[in-house]
Amino acid sequence: MLQALAPGLLEAREPVQRDRYALPPLPDAEKGVVMRFAPNPSGPLHLGHARAAVLNDVYVRRYGGRYILRIEDTDPKRVDPGAYETVPEDIRWLGCGITETVYQSDRLEVYYDHARRLIERGGGYVCTCDNDRFRELRLARTACPCRGGEVEENLARFEGMLAGAYAEGEASLRVRTDLDAPDPALRDFPAFRILTSTLHPRIDASVYPLMNFSVAVDDHLLGCTHVIRGKDHIANTRRQQFIYDWYSWTPPHFRHYGRMGIEGVVLSTSEMRAGIAAGRYEGWDDIRLGTLRALARRGIEPEAVKRAMLAIGIGETDIQFSWENLFAENRAIVDPVADRLWFVPDPVAVEVTGAPPREAHPLRHPGDPSRGTRTLAYDGSVVVPAAELAGEISLLRLKDLFNVEVSTVEGRARLAYAGDELADARGARVPIVQWLPLDGTVPCTLRRPEGEIAGVSEPSVCDAVGKVVQFERVGFARIDTAGPGGAVAYLTHR
RNA sequence: GCUGCUAUAGUGUAGUCCGGCCAAUCAUGUCGGCCUUUCACGCCGACGACUGGGGUUCGAAUCCCCAUAGCAGCACCA
């Protein structure tokens with residue numbers, strides 16, 4: 001219509017209707033990309049990891065190419081053996097298109113070999129200085145005594161490190177950078193250390209590469225074209241640049257997104273582990289945690305996480321992640337598919353007078369009647385939420401049943417049949433409440449981060465185990481377990 | 001302290017590179033209304049922001065400077 005009347009107007013009014021989930025283009029990506037997600041296997045993945053995993057995944061899908069999952073397990077102190085299982089599981093749940101998985105602990109010889117080459121090029125030296133001493137020298141922009149050594153000597157000392165000639169902490173291999181670098185963090189940073197006090201769960205080793213070395217070597221060897229990571233790595237990117245320079249390698253394109261704070265949950269893996277050990281949390285999927293498995297348990301769809309991350313994008317601004325935004329994404333996904341079910345919180349049993357038994361047939365989904373109805377047999381007594389009887393209410397409608405008058409006799413509420421007409425309830429602007437037959441309920445606990453709500457649900461809750469349903473007038477919930485003895489559901493969000 | 005990054009409504013985000021089309025986009029949120037046998041979904045409307053101060057310019061959210069704030073790094077962690 002408008003198109004016909006004023007075609008020009010329509011066009012003018014359409015200013016780049018940008019896709020909320022679109023990401024900016026990557027440079028030099030037209031011929032495909034190689035990207036990686038490189039977590040430390042210290043525990044299950046959380047929302048912070050999801051951002052990196054999703055951003056990289058989406059770019060690989062967009063441009064085509066390889067997506068490497070690189071397990072960065074070069075610090076045995078920060079390896080949780082269980083994470084070798086849980087990390088890939090979480091990645092699978094998120095739906096990332098990983099094409100290959102690499103374990104850094106399998107590649108120690110590669111790193112040793114490159115260490116030798118670095119030394120040969122004059123880019124590395126074995127340092128046996130005391131830590132505090134070195135720190136002072138670095139701040140003073142002064143070379144430490146080890147820095148001037150010959151290549152042959154450094155090579156020999158490095159082999160000594162590998163052969164066990166030095167104890168933990170006695171020697172390290174440093175990258176020769178620029179002592180005048182304005183940022184002290186860049187001056188002759190370490191590339192390898194000796195660690196014997198903690199055993200590695202997968203390998204027998206005592207000389208480990210540090211992150212900046214192994215990451216630079218792997219990114220190059222694995223052919224990474226683009227690296228997207230958090231802003232906290234900016235200093236590392238600069239450090240790694242020195243390594244690329246020593247080998248005359250072309251570095252990948254780097255992109256750093258801002259810090260993401262998450263309201264209300266613990267994100268630190270060590271803190272979560274401590275809480276679980278202390279019994280404060282039930283496990284890694286405790287719904288008060290920010291792990292992906294906790295989200296899954298609550299009924300958050302991976303696609304919702306993905307969309308929320310894409311909406312945030314790769315901006316360099318530090319942001320505060322808001323659950324509201326994630327919930328909105330999830331609601332949009334779940335609302336069209338979730339079956340409706342009645343959950344009566346804090347149920348009160350009440351007798352209803354004046355109406356013979358009959359059946360109610362609420363729709364499974366109001367937007368799709370073809371999905372059918374459930375059957376609830378009213379036979380004279382019902383349970384309703386206590387909150388509905390609390391006020392000065394004189395009239396209610398039992399949903400899909402009939403209207404009732406509310407009265408109080410000797411301190412107890414009683415309901416009396418007040419007609420079938422929906423219009424009466426509408427006209428009186430009276431609440432339409434969920435109810436259940438007194439003898440046809442299953443005990444149901446609705447668990448939320450803020451606490452549990454005891455209630456009852458209709459028996460068909462047992463058919464929905466593992467699914468997200470909508471408890472009408474309460475919110476969406478994932479049915480965790482259910483049987484004749486009772487059900488446990490987790491509130492997803494309202 | 002040193003080094004660096006960032007700064008648009010409650011939250012997220014577009015616009016910033018290449019000043020004017022920005023009396024600033026979209027989403028979410030909150031409030032109000034409509035629809036509806038759910039307080040869901042949908043629809044309509046309202047609310048709400050360019051950190052501050054200088055400068056350049058006919059014109060600045062956009063460029064420059066200063067200030068302020070937040071964050072990060074300065075680990076033999078990733």
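Comparing rC39(B) with rA78(B), their C1' atoms are spaced 45 Å from each other, to the whole Å. Atom name C1', nucleotides rC47(B) and rC63(B): the rounded distance is 33 Å, in whole Å.
Listed nucleotides rA72(B), rU13(B), rG70(B) differ in distance to I319(A); the shortest reach to its side chain belongs to rU13(B). Closest to the side chain of E316(A), from the set rA78(B), rC5(B), rG70(B), is rC5(B). The D318(A) side chain lies nearest to rC71(B) when the options are rA72(B), rC74(B), rC71(B). Residue T317(A) has its side chain nearest to rA7(B) when only rG4(B), rA7(B), rC74(B) are considered.
Between D180(A) and R187(A) there is no salt bridge, since none of the side-chain N atoms of the basic residue sits less than 4.0 Å from a carboxylate O of the acidic one. Ion pairing between R36(A) and D219(A) holds under the 4.0 Å rule for side-chain N and carboxylate O.
Note on N236(A): a base of the nucleic acid sits closer than 4.0 angstrom, heavy atoms only. The residue N40(A) sits close only to the backbone: its heavy atoms come under 4.0 Å of sugar-phosphate atoms, none of a base.
The aromatic rings of Y103(A) and Y84(A) are tilted relative to each other, their planes meeting at an angle between 30° and 60°.
Under the 3.5 Å distance criterion, the side-chain polar atoms of Y378(A) are left unmatched by any main-chain donor or acceptor of L436(A).
When each of A235(A) and A308(A) is assigned the nucleotide of RNA chain B bearing its nearest heavy atom, the one mapping closer to the 5' terminus is A308(A).
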Protein-to-nucleotide contact annotation, 5' to 3' order, nucleotides 27-38 of chain B [B base; S sugar-phosphate only; - none; under 4.0 Å, heavy atom]: SSS------SBB

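Residues C444(A) and V456(A) have side chains not in contact (no heavy-atom distance under 4.5 Å, counting atoms from C-beta outward).
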5'-to-3' dot-bracket of RNA chain B (Watson-Crick, G-U; under 3.5 angstrom; crossing pairs as [ ]; | other strand): (((((((..(((.......[.....)))((((((.......))))))...(((((..]....))))))))))))....

